[in-house]
Every structure is written in structure tokens, then in C-alpha cells.
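Chain letters run A, B, ... following the sequence lines, proteins first and then strands; every chain starts at 1.
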Amino acid sequence: MTIHNADVAEVFEEIGDLLSIQGENAFRVRAYRRAAQIVRSLPHELAEMGGPGEYAALPGIGKDLAAKITELVRTGRLGALERLRRRVPSGVRELLSLPGMGPVRVHALMTKLHVKSRDELRSALSAGRLERLRGFGPALQQRLRTALAAKAASDIAKRLPLSVAAQYAEPLSRYFASIPGVTRAEIAGSYRRGRDTVGDLDVLVCAPASVNVFSTLQGYPDLREMSASGTTKAAGVLRNGLQFDVRVVPKESFGAALQYFTGSKDHSIHLRRRAQERGLKLSEYGLYRGRRRLAGDTEEGVYQALGLSWIPPELREDRGEVEASAKRALPRLVERSDLKGDLHVHTDATDGHNSLEDMVAAARAQKLSYMAITDHTKYLGIVHGLDADRLARRCEAIDALNEKLRGFTVLKGAEVDILEDGRLALPDAVLAKLDVIVIAVHSHFELPEAKQTARVLRALERPHVSILAHPSGRLLGERAPLALDFDRLLEAVHDRGCFLEVNGQPLRLDLDDVHIKAARDRGVLLSLASDAHSIDQLAYLGGAVRQARRGWASEEDVLNARPLGEVRKLLQGAKR
DNA sequence: GCCGTTTTCGGCCCGACTGTTTTCAGTCG
């Protein structure tokens with residue numbers, strides 16, 4: 001059995017939970033949870049690294065955790081976890097996820113009432129057995145009843161794709177901004193960091209203490225319920241199930257609060273530790289030496305006072321950005337305005353909604369100077385896919401259009417399916433006539449890793465192939481990523497002189513941030529693509545840019561940030 | 001359990017809110 005990083009991370013999460021329930025030192029618990037985070041953001045499989053020495057070189061992994069990783073990778077099991085599981089029954093862990101339930105109360109339930117699962121908690125509640133338990137008052141009992149009922153109805157809050165969350169986030173932010181006395185309202189949190197999915201909304205409101213920001217919140221149309229409300233802090237749930245937290249801060253604290261509320265948690269902790277090392281204290285109210293405030297009205301000021309350059313929100317995951325910022329070694333992240341073209345676009349020749357001419361006009365309006373038309377080729381799944389003849393006629397049409405265009409060039413391309421065995425859906429002779437061959441998996445998503453990897457590697461071996469589109473094949477919330485050996489894939493793409501796509505479709509956002517960074521570190525250029533199927537969808541380039549920024553990509557890392565002449569040369573290099 | 005310009009022990013981010021308790025522990029972000 002191959003142990004993946006996600007498996008190791010899950011083991012560390014579980015150990016953290018079980019230790020906390022046993023009343024273990026909170027910092028030991030945090031070390032395990034932190035390790036889970038670290039392992040999850042590794043671009044390479046632990047199983048393929050050099051062993052304990054290399055593990056322990058990772059920041060946050062010491063001798064003990066390195067040994068545990070080694071045991072897991074070698075045997076697929078971990079003795080320490082099995083011993084813990086014997087002491088804490090399996091159902092107890094899920095009690096931790098109930099509201100108001102932390103390690104102390106879960107421990108009390110387990111030892112004093114022998115409650116070991118959600119079901120047993122439900123019975124204990126109705127039997128009134130919690131009445132005599134210290135720390136479980138009537139209000140908490142009611143919260144637990146509500147939560148247990150919701151869980152039963154499987155109404156569990158999930159992370160939403162960023163694009164879906166945006167539909168609720170933007171109106172909410174406008175609502176707060178419109179309140180008299182409020183000078184500014186921002187959605188912070190993972191939304192501001194541009195994560196591909198959002199678990200809740202963190203809203204930061206700037207207003208003087210005299211303004212009662214929450215007086216009309218009850219009447220907000222998207223509101224389902226309020227769960228907490230103080231003078232500076234409120235929380236609730238929107239109609240779509242999305243949780244939100246609001247904090248109100250005065251002007252002089254806005255920068256510090258924006259930093260704190262944007263997170264990530266690990267990034268903020270890193271900053272606060274850095275402050276502490278300098279004899280300072282950082283909180284959402286500002287950066288202080290004793291009682292004297294050194295910074296706080298702007299984020300820039302806070303970072304600067306800590307000896308750092310401002311760090312773009314997309315990088316704030318504690319993956320080395322603080323260290324890089326201290327050394328003034330952060331990349332200048334790619335921006336939408338750096339893009340000069342789009343190398344993955346569809347038209348109504350297949351499943352797109354607009355004509356070639358309309359797509360060109362829209363691309364020009366988006367300040368692009370070139371675009372590759374990459375309609376689908378014929379295969380089982382797409383009825384209207386192009387065969388060799390139709391593709392040839394399409395090329396003639398593009399040639400004719402290019403004759404007329406000034407200051408814009410259409411590249412001839414195709415999105416070619418990778419068949420189950422790794423062959424491509426069109427013969428090499430047909431592909432040879434095109435400028436851009438985008439290849440992609442659109443079927444047989446469930447192949448085991450060895451087969452899936454071999455399949456894609458075989459496709460990359462074909463001559464004329466340029467770009468691997470939406471490499472993981474994932475659809476947020478709908479389809480898991482393909483089982484692929486990404487290290488081998490990256491090696492092949494690099495050796496072959498090909499490129500990896502960052503697809504900006506809202507449910508794809510594929511590659512993900514971790515793999516973008518790995519590609520960048522390996523020197524593989526990225527194609528930031530809209531995969532537009534209509535003129536409106538050219539805006540998805542923005543999503544690709546945001547995703548690329550999360551992977552530390554700068555203009556130099558992006559194929560389509562280069563002028564057409566250079567792109568042509570690079571594409572030619574991928575042919576052979 | 002990790003870590004080191006306060007180094008091999010003794011720290012480990014910081015504050016708001018809730019509920020239960022009568023001054024604060026626990027949870028949460």
C-alpha cells in the first residue's frame with residue numbers, strides 16, 4: 001500500500017485530536033496539527049523522499065515526527081496511534097466538531113458520563129444526564145441539541161468554491177459598507193487570500209466605537225440566523241449555509257485587524273512570534289512596544305515594523321513567505337495585466353457559445369494580443385468534436401481571419417483527448433499542422449495511479465504536444481483529482497519542453513497552488529488559461545492569475561505573459 | 001513535540017465572547 005501525504009496528515013490530525021481529549025499539553029497537540037498542515041502542503045510525496053533525515057529537515061518536523069512518518073511510510077501503520085485509539089473510543093473524536101465542544105468538555109463526557117459518540121450524546125441529553133455535569137449549562141445543552149439535529153440532517157457546512165462564496169460575500173460586504181458611520185468593509189480570511197474554496201466569511205468593518213454596526217443585521221435578507229453578537233464581534237449563518245464572522249475595529253487598528261483577519265492562522269502566528277522575538281506584541285489592534293503603538297492603521301506599516309516587506313494575501317500560508325519577505329526575496333507576483341494572450345479558448349465550432357470572430361473581438365477588448373482557438377477534437381464524449389476534415393477547414397478560416405486582423409493573432413490549436421491507453425484522439429500528421437496542441441484527460445478518471453500516470457506520460461511523448469490542460473482533472477466539490485505521480489509528470493513535462501496549464505474555470509482552478517509552486521521551482525512555464533466557452537468566460541483568466549499567484553508565480557513563470565514571437569518559439573521547441 | 005541572535009530548557013499568539021459562575025475556564029478564530 002502506498003502511503004500518501006494526505007494519509008500521513010490525517011494520522012497527525014487524529015493524534016492531535018486524541019491527545020487533546022486526553023488533556024495533553026496544548027503545544028504538543030499543536031505540533032501534531034501543525035505537522036499535518038506541513039505535510040499537506042508538500043509538493044512531493046514523503047514516500048519518495050530520502051527518509052528520516054530529510055523529514056526532520058522540514059521546519060516543524062523533528063526527530064520524533066520524522067520517525068513516525070518513517071514508520072507510516074514503511075508499514076502503513078503507526079503503533080502510537082493504535083495505542084491512543086485503545087484509550088479513546090473511535091466515536092469520541094467526532095464530538096470535538098460540535099459547537100462549544102473542546103477537549104475539556106469532550107473529556108468530561110467520556111470519563112464522567114461514558115458518552116462515546118454522537119448517538120450516546122443525544123441519548124444522554126434527552127435523559128437529562130448532562131444536568132449534573134459541571135460546564136454544561138442549559139444554553140450549551142440547547143446548542144448541542146440543535147447541532148446534533150443538524151448533523152443528523154447532514155446539514156454539515158462544507159467549503160464552497162471561491163466563485164460560489166463570492167456571490168454571498170460581495171453583497172454582505174456592500175451591506176456593511178453602506179451602514180452610516182462605516183468607512184470601510186472588507187472580506188478577509190481565505191476569501192482574500194484567494195483560496196480555491198472558502199469555509200466561512202471573515203468580514204472586517206471599520207467604524208468608530210460610537211456606531212452600532214449590528215443594529216440592523218437581523219433584517220439582512222441573506223441571513224439565516226445569528227449565533228453570536230457582542231459590540232465589536234458578531235457571527236451567523238447565511239441562507240446558503242455559509243458561516244460568517246464580523247469584527248468591527250477603529251480606523252487606527254484597521255491594518256492590524258486586516259492582517260489578523262486575513263490570516264492564515266499559521267501566518268499570523270508566525271508574525272506574532274516574530275513580534276515577540278523583538279520584544280513587541282502584535283494583536284488585531286496593532287503592533288505595540290509596551291503600551292506604545294508602533295503600527296496598526298495599515299497592513300504595510302505592520303509588516304514594515306516587523307522588518308518585512310508587505311506580503312500579498314495569496315502567499316500568507318506560512319510556506320516560507322515570511323522568511324522570503326525578511327530577505328526581500330519575495331517574487332513579484334504575476335498580474336492580470338501581464339497576460340498578453342490566452343492559449344485555451346473554445347468557439348461554437350464545438351461546445352462553445354460564440355463565433356471565432358466574437359471571441360477575437362472579446363479578447364481584444366480584454367487587452368490581449370493573441371489567442372489560441374482550441375476546440376475539442378472528436379471522441380466518444382463530445383458529439384460535435386472536430387475530425388481531421390473539419391479541423392482543416394477551421395484552420396483555413398483562421399488563416400483568412402488573420403489576414404484581415406491588425407495587431408492581433410489567432411493561433412490554430414485543438415484540445416485533444418488523451419485516450420484511456422495514452423494515445424491521442426487525432427493522428428500526429430493532423431496535429432503537425434497546428435500551432436498549439438492542448439492535451440487533456442476527459443474520461444476514465446478513476447484509473448489507479450500507475451495506469452493514470454503511464455497514460456498521461458505516454459500522451460506527453462507524442463510529438464507536437466505543447467500544453468497539458470487542467471492536469472489534475474479535479475472539479476471542486478464534485479470530482480477528486482486524478483491519481484497521478486506528479487513528480488514524474490513534472491519531470492516529463494520539463495524534459496519534453498512542454499507546459500502546464502493553470503485553468504481558470506471557477507470549478508477547476510487546476511493546477512492547485514502547491515503544484516504550481518512545484519512547477520515553478522522546477523522551471524516549468526505555466527499557461528494561464530480561461531478555457532472560455534463564451535465571450536464572458538474570458539474573465540476566467542482572472543481566476544487563473546489568482547491561482548498562479550498562490551503558487552508564487554511571477555510574470556517570468558508564465559508562458560502567455562510573453563510576446564507572441566517568443567511564445568511561438570517556445571511552442572516550436574515543444575514540437576519535435 | 002519543536003526549537004534556538006533570550007539556545008538544550010522553557011518557552012510556545014492573542015483577544016473576544018459565552019456560559020456559568022460569582023471571577024473565570026473553555027472555546028473559537
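Rounded to an integer number of Å, the gap from CG of A:D318 to C1' of B:dC12 is 14 Å. If you measure from atom CZ of A:R134 to atom P of B:dT18, you get 21 Å, rounded to the nearest angstrom. Distance A:E277 CD to B:dT5 P: 8 Å, rounded to the nearest Å. If you take OH of A:Y55 and C1' of B:dC2, they are 19 Å apart, rounded to a whole angstrom.
If you check B:dT21, B:dC14, B:dC2 against the side chain of A:S283, the one that comes closest is B:dC14. Listed nucleotides: B:dC17, B:dC12, B:dA16. Nearest to the side chain of A:T231: B:dC17. In the set B:dA16, B:dG29, B:dC12, the nucleotide with an atom closest to the side chain of A:D245 is B:dG29. The nucleotide whose nearest atom lies closest to any side-chain atom of A:K68 is, among B:dG1, B:dA16, B:dG29, B:dG1. Checked against B:dA16, B:dC13, B:dC2, the side chain of A:R30 finds its nearest nucleotide in B:dC13.
Residues A:S253 and A:R293 form a side-chain contact, since some pair of their non-hydrogen atoms from C-beta on lies under 4.5 Å apart. For the pair A:R192/A:D202, no side-chain contact is recorded, criterion being any heavy-atom separation below 4.5 Å from C-beta on. A:R474 is not listed as a side-chain neighbour of A:R508, based on a closest heavy-atom distance of 4.5 Å or more. Side-chain contact between A:V249 and A:F261 is absent, with no heavy-atom pair separated by less than 4.5 Å. Using a 4.5 Å heavy-atom threshold, the side chains of A:Y55 and A:L46 count as touching.
Only the C1' atoms considered, B:dC12 is 26 Å distant from B:dT18, to the nearest whole Å. Spacing of C1' atoms, B:dT27 relative to B:dC13, comes out at 16 Å, to the nearest Å. Rounded to the nearest Å, the gap between the C1' atom of B:dT7 and that of B:dC2 is 13 Å. For the C1' atoms, the distance from B:dG26 to B:dT21 is 13 Å, rounded to whole Å. Comparing B:dG1 with B:dT5, their C1' atoms are spaced 23 Å from each other, to the whole Å. Spacing between B:dT23 and B:dC17 at atom C1', rounded to whole Å, works out to 16 Å.
Annotation: side chain to side chain donor-acceptor pair (under 3.5 Å) contacts of A:E317 (sequence neighbours excluded): A:R193, A:R550.
Annotated as anti: B:dT5, whose O4'-C1'-N torsion sits more than 90° from 0.
Of the residues in residues 260-276 of chain A, A:Y260, A:K265, A:I269, A:R272, A:Q276 come within less than 4.0 Å of DNA chain B through at least one heavy atom, sorted by number.
Nucleic acid contact class of A:D200 (heavy atoms, under 4.0 Å, all strands): none.
Pairing partner, B:dA25: B:dT18, with both Watson-Crick or wobble hydrogen-bond distances short of 3.5 Å.
A salt bridge links A:E186 with A:R184; the closest basic N to acidic carboxylate O contact falls under 4.0 Å.
To the nearest 0.5 Å, atom CZ of residue A:R522 and atom CZ of residue A:F486 are 11.5 Å apart. We find the CD-NZ distance between A:E94 and A:K116 to be 12.5 Å, quoted to the nearest 0.5 Å. Between the CG atom in A:L125 and the CG atom in A:L144 there is a gap of 6.0 Å [rounded to 0.5 Å].
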Collect all protein-nucleotide pairs involving nucleotides 23-26 of chain B in which both atoms are nitrogen or oxygen and the distance is under 3.5 Å.
none

